[in-house]
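Worksheet: the structure to be examined is printed underneath.
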Amino acid sequence: MHHSGPSVLRIQENLTSAVTFILVGFSEYPHLQVPLFLLFLIIYTVTVLGNLGMIAIIRLNPKLHTPMYFFLSHLSFVDFCYSTVVTPKLLENLIVEDRRISFTGCVMQFFFACIFVVTETFMLAVMAYDRFVAVCNPLLYTVAMSQKLCCSLVAASYSWGIICSFVFIHFMLTLFFCGTKFINNFVCEHDAIVAVACSDPYISQKVIFIFATFNELSSLMIILTSYVFIVITVMKMPTTGGHYKVFSTCASHLTTITIFHSIIICLYCVPTAKSSWLLVKVASVFYAIIIPILNPMIYSLRNKDVRDAVRKLLSSHIS
């Protein structure tokens, strides 16, 4: 009897390797395929140009070599990567009849998407901490936010993203998949993948729920604590001009956080009924496509330093 273990595993692996997923995407709305394709293509192009442009501007302009912009350039990089992991496949699915994706392809897409979402979650928390130090300890800011600390905080965000991803993939791969399955989304998103498993996904779902909740609560705690201190400090300031300046720097960050976290909470921390797949798809569109385009727009439109840097670059090129 004891010989059957490995062979059963091998059969399971063989079956799993022959699995094909079909991404349903928005195929139930045929008349929307072309308009959605054009819309998402425009958004993706702007996202790529916006985020890479942001990184270039920050690199090229010595005035922007500060911790805040160092974090912002990494945020742009993460957004660019995330968008690139998800959007091309979505665009392809909107114009090609064949919506198949291999099991490996699907798992890899989830793996990378997960790294970048978790990294962004903590990058936003790091940026809140940075604003806290800048507002509450302005004299110690350059000492407190040393280059070494900034690099460590960014490295920690990426590392935790990678760790989470490996954990999720590990538990997902303990599941058993068979045959051809329809994934009710346009991305290989965790809930959609485990929903088509041929074995009970309870543990995998529990693990991602626990991690997502931990990531949400811990990053939101850092953000809220930072902003409570920021508000208290600002309220003590004598001039209204000072108030406005601080809040305008923080407003862009707060806007991003609010949108990002409300979507993640809807997707992962609130149990969804199977009937609400459309809601899940819309939320996925939001954080796969809309959030990555928002950051460069929010920061460039609201931020005087960035606008000045762009103007300088343009005028130097024209002259």
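- Across every non-hydrogen atom of I289 and T87, the tightest pair is CG1-OG1, 4.1 Å.
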Show, in sequence, the C-alpha distance, side-chain angles and deciding distance for S157 and V126, and conclude whether the side chain to side chain contact (heavy atoms under 4.5 Å, CB included) test is met. CA-CA 8 Å; S157 302; V126 165; 3.9 Å; yes
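- Inter-residue side-chain proximity for L294 and T256 is flagged as unmet; no heavy-atom pair is nearer than 4.5 Å.
- Crowding of L217 atom CG: a count of heavy atoms from other residues, nucleotides or ligands under 6.0 Å exceeding 12.
- Cluster membership check: V207 does not share its hydrophobic cluster with I210, using side-chain heavy-atom separations under 4.5 Å among Ile, Leu, Val, Met, Phe, Trp and Tyr.
- Residue V24 belongs to a hydrophobic cluster whose other members are I22, F182, with links defined by side-chain heavy atoms closer than 4.5 Å.
- Between the side chains of Y44 and T84, at least one donor N or O lies within less than 3.5 Å of an accepting N or O.
- In this structure, C198 and C178 have their SG atoms less than 2.5 Å from one another.
- With a 4.5 Å cut-off on side-chain heavy atoms, T119 and W160 do not count as touching.
- Taking all atoms of both residues into account, the shortest heavy-atom contact from C188 to I101 is SG-CD1, 4.0 Å.
- Hydrophobic clustering, with ILVMFWY side chains joined whenever heavy atoms are under 4.5 angstrom apart, groups V34 together with F186.
- Across all their heavy atoms, L175 and S204 have their closest contact at CD1-CB, 4.2 Å.
- You'll find the side chain of L153 reaches within 4.5 Å of the side chain of M145, heavy atoms only.
- No donor-acceptor distance shorter than 3.5 angstrom exists from the side chain of N51 to the backbone of I293, with no hydrogens or angles considered.
- Put simply, the side chain of M54 does not reach to within 4.5 Å of the side chain of S73, judged on heavy atoms.
- One distance of note links CG of L94 with NZ of K89; it measures 11.5 Å at 0.5 Å rounding.
- Note that CD1 of I230 is 11.0 Å distant from CG of L224, once rounded to the nearest 0.5 Å.
- Smallest separation of non-hydrogen atoms from P67 and Y141: CB-OH, 3.4 Å.
- We find the CD1-CZ distance between I208 and F171 to be 11.5 Å, quoted to the nearest 0.5 Å.
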CA sep, side-chain torsions, deciding dist, call: F112, S165, side chain to side chain contact (heavy atoms under 4.5 Å, CB included): CA-CA 8 Å; F112 285 111; S165 244; over 6 Å; no
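- Distance alone, capped at 3.5 Å, places no donor-acceptor pair between the Q33 side chain and the I95 backbone.
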Verify side chain to side chain contact (heavy atoms under 4.5 Å, CB included) between K181 and T20, making sure each step is shown before the conclusion. CA-CA 6 Å; K181 287 284 190 276; T20 306; over 6 Å; no
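- With hydrogens and angles disregarded, a donor-acceptor distance shorter than 3.5 Å links the side chain of S199 to the backbone of F176.
- Contact check for F21 versus T180: no side-chain heavy atoms found under the 4.5 Å cut-off.
- Side-chain heavy atoms closer than 4.5 Å link hydrophobic residues (I, L, V, M, F, W, Y) into clusters, and following such links, possibly through other members, connects V135 to M235.
- Both L91 and V96 are members of a single hydrophobic cluster when ILVMFWY side chains are connected at heavy-atom separations under 4.5 Å.
- V228 belongs to a hydrophobic cluster whose remaining members, ordered by chain and number, are I232; membership requires side-chain heavy atoms of ILVMFWY residues under 4.5 Å apart, directly or through intermediates.
- Counting heavy atoms of neighbouring residues, nucleotides and ligands inside a 6.0 Å radius, atom CZ of F229 does not exceed 12 of them.
- Closest heavy-atom contact between M172 and V107: SD-CG2, 4.3 Å.
- With Q109 contributing its side chain and V85 its backbone, the two residues share a donor-acceptor pair below 3.5 Å.
- Atoms CZ and SG, on F116 and C81 in that order, are 4.0 Å from each other to the nearest 0.5 Å.
- A side-chain contact (heavy atoms from CB on, under 4.5 Å) with I291 is found for one member of T47, V285, I259 and no other, namely I259.
- The shortest distance between side-chain heavy atoms of S226 and V133 does not fall below 4.5 Å.
- Hydrophobic clustering, with ILVMFWY side chains joined whenever heavy atoms are under 4.5 angstrom apart, keeps L49 apart from L38.
- The OG atom of S76 sits 8.5 Å away from atom CG of L52, with the distance rounded to the nearest 0.5 Å.
- With a 4.5 Å cut-off on side-chain heavy atoms, F260 and V117 count as touching.
- The shortest heavy-atom contact between A144 and L149 is O-CD2, 3.2 Å.
- Looking only at side-chain heavy atoms (C-beta outward), E120 and D79 come within less than 4.5 Å of each other.
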Working note: Y29 + L36, criterion side chain to side chain contact (heavy atoms under 4.5 Å, CB included); need CA distance, chi angles, decisive distance, verdict. CA-CA 10 Å; Y29 310 104; L36 282 176; 6.0 Å; no
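- Panel note: side chain S83, backbone F80; no donor-acceptor pair is recorded below 3.5 Å.
- To the nearest 0.5 angstrom, E189 atom CD is 7.5 Å from F110 atom CZ.
- Legend: ring-ring contact (aromatic ring centres under 6.0 Å, His included) pairs involving residues 55-75, not counting sequence neighbours, sorted by first then second residue: F70-H74, H74-Y158.
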